[in-house]
Amino acid sequence: MRESVDVRKGITVAGEHTPRVYLDYAATAPFDERLIQILQQASWANANALHAQGREAHRQLEDARMRIARALRCRQPAEIVFTSGGTESCNMAVKGLLPANGKPSAQHVVVSAIEHHAVLDAAASLKRYGYHVHELQPNRNSVVTAATLDALAADIEKSGGTVVLVCVMAANNELGTVQPVHELAATAHAHGARFFADCVQALGKLALNMEESGVDAASLSAHKVGGPKGCGLLYLRRGVPCAPLVHGGGQEAGLRSGTSNVPGALACAAAVERATAERVEVWECVTALRMRTVEGLAGVKAVHALRPTLPHVCILQAEDAAASICAPHDPVAGTDSNTAPVVPHILNLLCSGLEGETLVQRLDACGISASSGSACSTGSLDPSHVLCAIGVPKCDAYGSLRLSFGAGSTSDDVDAFLHALPQVLR
Ligand code: PLP
């Protein structure tokens, strides 16, 4: 059966159109139709070929690199390496930034416990070669502090180890919390380690200035800001050595072999430029939608107990779920402040006594696309590792629902969600 997606709000299956509300921008943004012309007009030639068509493709590729470097405030275009997306860029940084010499058994890699699996699993894969991998715990505001990193690095050094790489994301994909990347990078460098920041969720939300950020490497992905899937990049600070993951024809200065995706690079450049240029406007619009949601929750009859807690987690309890399967628990009791900075496009709701997958399915039945923090792997649902890391008990963490907004979101989307909520929490 042929299925076609109607740009933002509708899905047509076998000729029948159903309107949709899309609240899953952190998973992917709708493709920006303005990029179609760019894809169509880009060179199809091999950018490594010596003939005129190849030279034109090469010129276009380098133009894309230069524009991205400018938008991200890099020192030079050569700091941009094109990849297939965020996952590949994270893998490249985690595996490629390790020192070329020295015994793996004396080398320690530190990753925050709230990283995306592209980083967590890439780091875990290093254990097989003898590297030690440590998880850096966030505080209960889901912020990883420089002091915690400093203490962990000092412990590792006391026991004779060397910290070679530290990975902490710029903005978390489940809670939206912004991490103090600049301070963390300085702390990592003070211990002689390299620093990598996964910036996939920060693009188009935070002002990215690679030159001043202090990071050695950063990952970005085009599809999170309306670009095509399968296009991303790694920012690699000038002079930072990195081993390639993919070997072959030596493209991307030998860092990432494979015939260059020129149309993808041009569309990626346009998406990055637009996300950067429209950042403040989108931030304001998305902040208003987030507030409308949080305020609206209080007026939803089925919501028995709304306890706004951290700026990034709302606890909901269905009226008839008062005798919840979880012991009453306030995941923020004892925290020192509610001031963790967040990117406003992500809002996490904890629905006590319900499973995230069920919530997503019920919303889906109401025509609303959202996602849960639970990862469905091998048929069993795991609670969100991010929520568990900030101290939410497993039984509560199962009920995580992530709403995420973007440039195309409207107040009607929020109202549709609030209207559907009583049915969803039934
Ligand atoms: N890092 C973060 C924080 C993400 O949110 C994602 C995607 O959700 C990725 C990495 C992976 O990016 P991609 O989908 O481009 O592989």
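In listed order, ligands and their atoms are each counted from 1.
Contacts between T87 and ligand 1 below 4.0 angstrom, taking non-hydrogen atoms only, involve backbone and side chain alike.
Put simply, the residue from D412, D415, D413 that forms a salt bridge (charged side-chain N to carboxylate O under 4.0 Å, His left out) with R292 is D415.
Residue, atom and distance of the protein heavy atom nearest to atom 5 (O) of ligand 1 are Q201 NE2, 2.8 Å. Here the protein heavy atom with the shortest distance to atom 14 (O) of ligand 1 is H223 NE2, 2.9 Å. Protein heavy atom closest to atom 4 (C) of ligand 1, with residue, atom name and distance, is H116 CD2, 3.3 Å. Summary of contacts: the protein heavy atom closest to atom 12 (O) of ligand 1 is G86 CA, 3.4 Å. At the top of the distance list for atom 1 (N) of ligand 1, counting protein heavy atoms only, stands D198 OD2, 2.6 Å.
No side-chain donor from either of T358 and Q361 sits under 3.5 Å from a side-chain acceptor of the other. H189 and D216 form a side-chain donor-acceptor contact under 3.5 Å, judged by distance and modelled atom types alone. Side-chain contact check for T28 and K224: no donor-acceptor pair (N or O, by modelled atom type) lies under 3.5 Å. The closest side-chain donor-acceptor pair between Q107 and H132, if any, does not fall under 3.5 angstrom.
Evaluation of the side chain to side chain contact (heavy atoms under 4.5 Å, CB included) rule for A269 yields A64, R67, I68 as partners, not counting sequence neighbours.
For the atom pair CG of L23 and CG of L363, the computed distance is 8.0 Å after rounding to the nearest 0.5 Å.
The distance criterion of under 3.5 Å between nitrogen or oxygen atoms is not met by A171 with respect to ligand 1.
Close approach to M169 involves these atoms of ligand 1, each under 4.0 Å from a residue heavy atom: 3 (C). If you number the atoms of ligand 1 from 1 as listed, the ones under 4.0 Å from a heavy atom of S221 come out as 13 (P), 15 (O).
Look at K224 and you'll find a heavy atom under 4.0 Å from some atom of ligand 1.
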